Amino acid sequence: MSDKIVTRFAPSPTGFLHIGGARTALFNWAYARAKGGKFLLRIEDTDRARSTTEAIDAIMAGMKWLGLEADEAPVYQSKRQARHVEVATKLLQSGHAYRSYAPDQELEKVRAEARAAGVAPRYPGRHEPLTMAKRGEYVVRFKSPIEGETVIHDEVQGDVVIKNDQLDDLVLLRSDGTPTYMLAVVVDDHDMGITHVIRGDDHLTNCARQIQIYKALGWDLPVFAHIPLIHGADGAKLSKRHGALGAEQYKALGYLPEGLQNYLARLGWSHGDEEIITTEQLIEWFDLDAINKAPARFDIQKLDHVNGHYIREADDDRLIADLKELISSGEMTHEFSYDVRKIEFDRFKDALPFLKERAKTLIELLEVASYLFVSLPIPMEDKAAKSIKDAPALDILKGLADELASLPSFEKETLETSLKGFAEKRELKFGKVAQPLRAVLTGTPNSPGIYDVLVSLGQEETLRRIRDVL
RNA sequence: GCCCCCUUCGUCUAGUGGUUAGGACGCAAGAUUUUCAUUCUUGAAACAGGAGUUCGAUUCUCCUAGGGGGUGCCA
């Protein structure tokens, strides 16, 4: 036993890496990193029928995207069956487990009766050997103590006491000889040298059962930390909407991994008033005692805000690379107002400094850049169309076309003096000049600053767009 | 049914036996500005309810209510 901390994330590969799992992985990863320990991944695929390789790939891809890579190759629980059987046999030999031949119907009956009587269901086989004929098919059950209580010393929940008479004799080995989760999780955590088990609190009650198995085996207990689940925006379980999406889907939605990571870290964990927390800071600050006991709701608006921060901070080249990847991935479901495959990334990059100020996701970034890449009859939004309909507006545009055509260069400062002078000459408020111009250049009433639009479009294209509506 | 966990602004949270209960998102107003966004300023907004302990409870205890989880040959 070394002092080094070892944590693990142990998903069952029956679906994508959902947001709750991602946070569990993040906490385990952060704790290992914070304490200079190891972070391992174990695929809990003992339920072969429901486990898929697609799910395994999706989970690993999601973790990789979030920057949560394990320090060693993943352990596949299904490949450790021999060891699980070995331990079950040991338990059988030491009298901590027994073969159970009862058919399902009998168990159903017992459970129904227990429920009707208002007590926890207990499997009767443990009291007296079953008298029924052995049919050859059996499961191995753990002989759970009836007297006393089991205490879980939980780093997040505190001491949780469960009376032993609440815990039934759980199945260790199924009738086909495969191990159940309850057995496998104990054996694997022990064998992998896991020192800290950080997982969702849906495992809290079952933890008491696992502790009994540890004790029967004479093994040391790991430290347990059961973190509350994440709820959806409506307070119910994570579902539909944003909550139940897979981590990878947030990528397709245009979120940055550091944005999601930051948001997730703050969901149920905090460090004073800190909101923007970099990966480095997370590693420096993360600890179990700052994890909240109450479940948190997933708030997409705050995620947007945090993500917007990271978009603005992001390096331009990196953003362009992300954009290219996102577009070629074909995973975006957003319907764009223009053909994003026609984007000229050189021009995009030049405009990025002022574009990223107004985007919270990569998708929004592509949308605010739309004016750059639409082709000639510029699609007009109603409001924009209205602002250039009347004669005075058209007259302004006509004058603007002449004015802009006469400029020797198309730089911001030149344009500023030019446009301001133009407005002054005609005794117009600047908005009267800028709005029609914006409409005709971008097709919308809202856009980046007019000088930025002008510069990013260039003199030739600007004039082409103005003249197109005259 | 039985068992376990949880409860500070709408949301994420800080916090203390005595505080003007703090921050963030969102919302509202204002400043900046050619629009939108960014940025900045200001504002509204919370200790679930009831007992008890105490000189004093948001903080400690109990009860209730509400929410969540478990109770599988799922994990």
Side-chain angles (χ1 to χ4, degrees), chain A residues 10-14 44-47 49-51 77 100 104 107 111 114-121 137-141 152 154 156-158 160-163 165-168 170-176 178-182 184-185 200-209 226 228-229 231 233 235-237 263 266-276 290 292-306 308 312 354-360 364 368 383-384 387 419-420 423 429-435 437-439 442 444-451 453:
Chain A
S12 62
T14 53
E44 307 227 319
D45 53 353
T46 48
D47 185 2
R50 295 200 302 151
S51 301
Q77 199 157 60
S100 169
D104 289 346
L107 283 175
R111 287 185 185 124
R115 179 174 288 255
V119 298
E137 281 224 332
Y138 64 88
V139 297
V140 174
R141 278 185 189 277
I152 304 163
D154 195 281
V156 173
Q157 306 291 338
V160 177
V161 181
I162 311 265
K163 290 187 184 61
D165 66 10
Q166 290 300 318
L167 306 175
D168 200 4
L170 63 278
V171 171
L172 260 17
L173 246 35
R174 301 188 184 100
S175 51
D176 64 358
T178 58
T180 59
Y181 162 76
M182 242 16 119
V185 72
D201 71 6
D202 49 337
H203 291 283
L204 186 56
T205 310
N206 284 331
C207 185
R209 303 166 192 276
H226 289 92
L229 270 12
H231 292 176
K237 270 181 256 197
Y263 175 71
R266 278 290 287 105
L267 211 53
W269 173 82
S270 60
H271 184 76
D273 284 340
E274 300 291 341
E275 295 289 348
I276 297 299
N292 209 110
K293 296 174 82 170
R297 296 188 192 199
F298 190 86
D299 181 7
I300 197 79
Q301 287 185 310
K302 186 147 184 186
L303 205 213
D304 281 346
H305 171 80
V306 172
R312 291 191 295 277
F354 58 82
L355 251 25
K356 62 186 183 184
E357 292 283 301
R358 50 206 88 217
K360 297 197 187 308
E364 286 182 18
V368 294
K383 272 189 179 174
S387 68
L419 286 195
K420 285 198 169 142
K429 283 181 73 179
F430 193 73
K432 286 285 178 197
V433 176
Q435 277 311 100
L437 185 54
R438 182 190 317 283
T442 69
T444 71
N446 309 324
S447 83
I450 195 67
Y451 304 119
V453 170

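Predicted, not measured: the structure shown is a model, and the values here were computed from it. Below, each value reflects all heavy atoms present in this structure, side chains not excepted, and no hydrogens, waters or symmetry copies. So you know, we letter chains A, B, ... as the sequences are listed, proteins then strands, and number each from 1.
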For A:Pro295, report the nucleic acid contact type (base, sugar-phosphate, nothing); a contact means any heavy atom under 4.0 Å.
sugar-phosphate

When we call it a touch if two heavy atoms are under 4.0 Å apart, what does A:Ser270 touch: a base, just sugar-phosphate, or nothing?
sugar-phosphate

When the distance from CD of A:Gln166 to P of B:C5 is rounded to whole Å, what number comes out?
12 Å

Roughly, in whole Å, what's the span from CG in A:Asn206 to C1' in B:U71?
8 Å

On a whole-Å scale, what distance lies between the C1' atoms belonging to B:C73 and B:G69?
22 Å

Quickly work out the A:Glu274 CD to B:U13 P distance and round it to whole Å.
16 Å

Does the side chain of A:Arg312 get closer than 4.0 angstrom to OP1 or OP2 of B:A37 through an N or O atom?
no

Pick base, sugar-phosphate or nothing for A:Glu44, based on heavy-atom distances below 4.0 Å to the nucleic acid.
sugar-phosphate

For RNA chain B, whose closest nucleotide is more 5', that of A:Glu275 or that of A:Gly268?
A:Gly268

Can you check whether A:Thr444 has a side-chain N or O nearer than 4.0 Å to OP1 or OP2 of B:U35?
no

Any base atoms under 4.0 Å from A:His203, or only sugar-phosphate, or nothing? Heavy atoms, all strands.
base

When rounded to whole Å, the NZ to P distance for the pair A:Lys356 and B:C36 reads 23 Å

Keeping A:Arg358 on the side-chain end and A:Phe354 on the backbone end, is there a donor-acceptor pair under 3.5 Å?
yes

Over all strands shown, is A:Val139 touching base, sugar-phosphate only, or nothing at heavy-atom distances under 4.0 angstrom?
base

So what does A:Lys360 hit on the nucleic acid, given a heavy-atom distance under 4.0 Å: a base, only sugar-phosphate, or nothing?
sugar-phosphate

Have a look at A:Asp176 and say if it touches a base, only the backbone sugar-phosphate, or nothing, with a 4.0 Å heavy-atom cut-off.
nothing

From CD1 of A:Ile276 over to C1' of B:U13, roughly how many Å is that when rounded to an integer?
14 Å

Base, sugar-phosphate, or nothing: which does A:Pro448 touch, judged by heavy atoms less than 4.0 Å apart?
base

Heavy atoms only, 4.0 Å cut-off, all strands: where does A:Thr14 land among base, sugar-phosphate and nothing?
nothing

Which part of the nucleic acid does A:Tyr451 contact within heavy-atom distance under 4.0 Å: base, sugar-phosphate only, or nothing?
base

A:Leu229 CG to B:C5 C1', in whole Å, measures 11 Å

Would you indicate, yes or no, if B:C6 has its OP1 or OP2 atom less than 4.0 angstrom from a side-chain nitrogen or oxygen of A:Lys293?
yes

Tell me what A:Ile450 touches on the nucleic acid: a base, only sugar-phosphate, or nothing, going by heavy atoms under 4.0 Å.
base

Check whether any side-chain heavy atom of A:Gln435 lies under 4.5 Å from a side-chain heavy atom of A:Lys429, and answer yes or no.
no

Report yes if a donor N or O on one partner sits less than 3.5 Å from an acceptor N or O on the other, where the partners are the side chain of A:Arg358 and the base of B:C36; otherwise report no.
yes

In this structure, how many angstroms lie between the C1' atom of B:U33 and the CZ atom of A:Arg438, rounded?
10 Å

For B:U41 versus B:U32, give the span between their P atoms, rounded off to a whole number of Å.
15 Å

A:Asn292 side chain near B:A14 phosphate (N/O to OP1/OP2, under 4.0 Å)
yes

Would you say the side chain of A:Ser175 and the base of B:C73 hold a donor-acceptor pair, judged only by whether the two atoms sit under 3.5 Å apart?
yes

Base, sugar-phosphate, or nothing: which does A:Thr205 touch, judged by heavy atoms less than 4.0 Å apart?
base

Tell me what A:Val368 touches on the nucleic acid: a base, only sugar-phosphate, or nothing, going by heavy atoms under 4.0 Å.
nothing

Between A:Lys420 and B:U34, is there a side-chain N or O to OP1/OP2 distance below 4.0 Å?
no

B:A21 C1' sits how many Å from A:Asp273 CG, rounded?
12 Å

